[in-house]
Student: 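Dropping the structure in here first, questions after.
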Amino acid sequence: MLFLYNTATRHKDEFKPQNEHQVTMYCCGPTVYNYAHIGNLRTYIFEDLLSRTIRLRYPLKHVMNVTDVGHLVSDADDGEDKMEVATAREGKSAWDIAKFYETKFWQDYDALHCTRPTIISRATQHIPEMIALVKTLEEKGYTYRTSDGIYYDTSKFARYDALVGHARISGLQGGARVEMSDEKRNPTDFALWKFSPKDKKRQMEWDSPWGVGFPGWHIECSAMAMKYLGHTLDIHCGGIDHVTIHHTNEIAQSEAATGEKYVNYWVHGEFLILRSGKMSKSGGTFVTLDVLKEKGYEPLAYRYLCLGAHYRTQLEFSYESMDSAAKSLKNLRALCVQAQQAAQGQAQETEKSRAWKQKFVAAMEDDLNAPKALAVTWEAVRSAELTPAEKLDFLQFADTILALDLFAKSEPAAQQLPAEVTALLEERARARAAKDWKKSDELRDAIAQAGYLVKDTPQGQQTEKK
C-alpha cells in the first residue's frame, strides 16, 4: 500500500485512486524566463520518484505545465510578467526566451533521469480554455472587474482556507501577503485575467470578452489540469512555496467553477537551501546544473544528494555535501559493477531477492522514504546472504526507481577518447603544470575543435563529447 503525506489533511493517507486503471497526476512545471536552479530541480526529482513508485502498481497519466506567459513578478498581481522582464534583460522576443529556457529545462530534466510527463502543457497553447474557465466563474458570480483586470472574489468561496488552515489565511488577510490595492475587495483576491497596459503593446497578449490582455498565473494550471485530467485529480504536486497562494487559488477557482473536489492528494516538496537562506532567482542566489557540471560533478551525483534527504525536509546545499554524494555514488556503482561481473551479467530472482525488493518498495511506499530505500540498497549490495546473481536481480529493480545508472563505470577508459584528443589532453596537462595558461587555453580550443569539451576539476581534466 502506498501512503503519501497529504497537505490537505496534514497526515499520511493511504493512496486510493479514483480509477485503478489510470492514476492522474498534475505537477507545476517551470516558468521559462530563466534557467532552472537546482532547488527547482529538487522538486522534479521528488516528483519523478513519486511517478516511478506509482507505476509499480498503476498506470499513470502525468501532466506538467510550462508557464510561458502570465507569471507576474509580484504575488500582489502587479508588476510585469516575468517573460516580458526577460525580453528586456536579454533583447530577445518573449517567444524566443520561452523556447530557449524550456529547451534548457528539459536538458537538465533528462540529465537527472527524470521521467518525461505523459503530457507537456504550454500555457500559450491553452488560452481559449483559460478564457472559458474565467467566463464560467464570471457567470457564477465569483468575479469583479478593476481597472487592470478581472479578479476572483475569495470572500465568496467558503473553503478558501481548506489547504492552509484558517490561521494562515487570517495572517494573509492581515496584510502579510500583499499590500492592499484600492480596487481589491480582499487582500487575498487574485487576478484571473490581466489587461494589457494602455501605453505599450505586450509581446504576448490575446483578445478576450473583457479586452486585450493575458491570463493570470493561477488560472493557467486549473484550466490545463482539468482539460487533461478531469474535474477531480488524484494527485497534485509542487514546491512547498505553492501551498499558501498558488495552490490555494487553484482550489478556489476550480471548485467554484465545477462544484466538485479539485484534488484528492496534495503532495509538496521542501526547499533546497543555502546557509544564507532559500535558493532564489530574484535574489540572485541560485546554482544551476551547468554550474555543478563545470565544477566536475555529474548530474546524477546531485540526484544522489537529493535521495539522501526526505522530500519533506529541507536540504542544505554545499559543495562539501556534493563531494560526499559524488564519492558515495562512485563507491555504490563500483559494488554494483562488481556484483554484475561476479554474476556474469545473469540476474536470478529468488525468494531472498524478492524479500529485499519488498523492503525497498516498503520504504518508497512509506511517503517516498528515499533515504531508507537507498540504505536498503547499500545493505543488499554488501549482504553476505545474497549471491551475486541475486544481488544483480535486486539492484536492477532498485535502479528502476533510484535511476542512478548503478552499473555505469565511474571512470571512462582512456582508449574511448580518440588518440588525437588524448595527446592534446596530455600536452595541456603539461602546459598547466608549467603555468603556461596561454598554451593551456589554445589546447582547450583545439580539443573543442576535435569535438570535446574539457573541464578542470579537483580530480584533474575531465572531458565530454560536445
Side-chain angles (χ1 to χ4, degrees), residues 5 7 27-50 67 71-75 79 82 85-86 89-90 101 104-114 168 176-177 237-247 267-330 368-371 374 404 455-459 462:
Y5 184 87
T7 305
C27 296
C28 284
T31 300
V32 286
Y33 72 103
N34 206 333
Y35 296 104
H37 59 62
I38 57 173
N40 303 140
L41 295 173
R42 184 194 182 196
T43 298
Y44 301 115
I45 290 171
F46 116 68
E47 291 167 351
D48 179 60
L49 290 173
L50 176 56
T67 297
H71 195 158
L72 301 182
V73 296
S74 166
D75 285 335
K82 291 184 177 183
V85 171
R89 181 186 69 225
E90 300 189 23
Y101 286 113
K104 190 65 187 73
F105 168 78
W106 291 117
Q107 289 172 352
D108 290 348
Y109 191 90
D110 292 342
L112 290 165
H113 284 192
C114 294
R168 290 178 72 181
R177 171 187 165 190
C237 298
I240 196 72
D241 51 326
H242 287 163
V243 174
T244 308
I245 300 173
H246 182 46
H247 290 167
V267 186
H268 294 96
E270 258 290 358
F271 290 130
L272 180 79
I273 59 171
L274 303 171
R275 286 192 175 93
S276 57
K278 181 172 80 78
M279 197 166 287
S280 164
K281 291 178 190 174
S282 60
T285 55
F286 71 98
V287 177
T288 65
L289 197 63
D290 278 350
V291 169
L292 296 186
K293 289 161 70 176
E294 287 166 6
K295 291 182 177 292
Y297 301 108
E298 67 163 301
L300 294 184
Y302 178 64
R303 184 179 176 101
Y304 187 100
L305 176 67
C306 291
L307 296 182
H310 194 271
Y311 78 94
R312 285 195 295 110
T313 63
Q314 290 190 350
L315 173 60
E316 184 176 291
F317 173 81
S318 69
Y319 288 109
E320 291 80 9
S321 63
M322 277 300 303
D323 287 339
S324 178
K327 183 177 180 180
S328 294
L329 178 57
K330 179 179 177 180
L368 307 180
N369 193 336
L374 200 55
L404 291 171
K455 297 174 183 175
D456 298 307
T457 75
Q459 293 75 39
Q462 291 188 356

Student: Write down the atom of P371, the atom of A309, and the distance for their closest heavy-atom approach.
Tutor: CG-C, 3.6 Å
Student: In chain order, what residues pass the salt bridge (Lys or Arg N to Asp or Glu O under 4.0 Å) check against E90, with sequence neighbours excluded?
Tutor: K92
Student: What pair of heavy atoms forms the shortest contact from C306 to I45, and how long is it?
Tutor: SG-CD1, 3.9 Å
Student: Mind listing the closest non-hydrogen atom pair of P299 and A111 along with its distance?
Tutor: CB-O, 3.5 Å
Student: May I have the step-by-step check of side-chain contact (heavy atoms from CB on, under 4.5 Å) for T313 and E270, ending in yes or no?
Tutor: CA-CA 6 Å; T313 63; E270 258 290 358; 5.7 Å; no
Student: For Y302 and I38, indicate whether the former's side chain and the latter's backbone hold a donor-acceptor pair under 3.5 Å.
Tutor: yes
Student: Measure the spacing between CG of D108 and OG1 of T288 and express it to the nearest 0.5 Å.
Tutor: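 Rounded to the nearest 0.5 Å, the CG-OG1 separation comes out at 7.0 Å.
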Student: Compute whether any side-chain donor of one residue and acceptor of the other, for S321 and S318, lie under 3.5 angstrom apart.
Tutor: yes
Student: Can you list the residues that meet the side chain to side chain donor-acceptor pair (under 3.5 Å) rule with K293, with sequence neighbours excluded?
Tutor: none
Student: Could you walk me through whether V267 and Y311 pass the side-chain contact (heavy atoms from CB on, under 4.5 Å) test, one step at a time?
Tutor: CA-CA 10 Å; V267 186; Y311 78 94; 3.6 Å; yes
Student: Please confirm whether the backbone N or O of H37 pairs with a side-chain atom of N40, one donor and one acceptor, at under 3.5 Å?
Tutor: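 Looks like yes, one N/O pair under 3.5 Å.
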Student: Supply the atom-to-atom distance L404 CG to L374 CG, rounded to the nearest 0.5 angstrom.
Tutor: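 Going from the CG atom of L404 to the CG atom of L374 covers 7.0 Å.
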Student: For H310, give me all partners under ring pair (Phe, Tyr, Trp, His ring centres under 6.0 Å), at least two apart in sequence or on another chain.
Tutor: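 So H310 forms no ring pair (Phe, Tyr, Trp, His ring centres under 6.0 Å) with any residue.
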Student: Partners of T43 by side chain to side chain contact (heavy atoms under 4.5 Å, CB included), sequence neighbours excluded?
Tutor: F46, E47
Student: What pair of heavy atoms forms the shortest contact from L315 to L305, and how long is it?
Tutor: CD2-O, 4.0 Å
Student: What pairs with R303 under side chain to side chain donor-acceptor pair (under 3.5 Å), at least two apart in sequence or on another chain?
Tutor: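 Only D48 meet the side chain to side chain donor-acceptor pair (under 3.5 Å) criterion with R303.
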Student: Using the ring centroid of each side chain, check whether F105 and Y109 are separated by less than 6.0 Å.
Tutor: yes
Student: Does the plane of the ring in Y319 sit parallel, tilted or perpendicular to the ring in Y297? Use 30° and 60° as the thresholds.
Tutor: parallel
Student: Measuring from T31:OG1 to H71:NE2, what's the distance to the nearest 0.5 Å?
Tutor: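 Output value for this atom pair is 4.5 Å.
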Student: What's the separation between atom CG in D290 and atom CD in Q107, rounded to the nearest 0.5 Å?
Tutor: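 Rounded to the nearest 0.5 Å, the CG-CD separation comes to 8.0 Å.
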Student: Which residues pass the side chain to side chain donor-acceptor pair (under 3.5 Å) test with H246, sequence neighbours left out?
Tutor: H218, E250
Student: Could you go through V32 and T67, starting from their C-alpha distance and side-chain angles, then the distance that decides it, and tell me whether this counts as side-chain contact (heavy atoms from CB on, under 4.5 Å)?
Tutor: CA-CA 6 Å; V32 286; T67 297; over 6 Å; no
Student: What distance separates I273 CD1 from R42 CZ, expressed to the nearest 0.5 Å?
Tutor: 9.5 Å
Student: Nearest heavy-atom pair of C28 and H247: which atoms, and what distance?
Tutor: SG-NE2, 3.3 Å
Student: Salt bridge check: are K327 and D323 linked by an N-O gap of less than 4.0 Å?
Tutor: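 Salt bridge flag = no for D323 with K327.
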Student: What pair of heavy atoms forms the shortest contact from R89 to Y33, and how long is it?
Tutor: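 In this case the closest contact between R89 and Y33 is NH2-O, 2.7 Å.
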Student: Looking at the rings of F271 and F317, which for Trp means the six-membered one, are their centres under 6.0 Å apart?
Tutor: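 Aromatic pair excluded; centres sit 6.0 Å or further apart.
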Student: Answer yes or no: is there a side-chain heavy-atom contact under 4.5 Å between E316 and L274?
Tutor: no
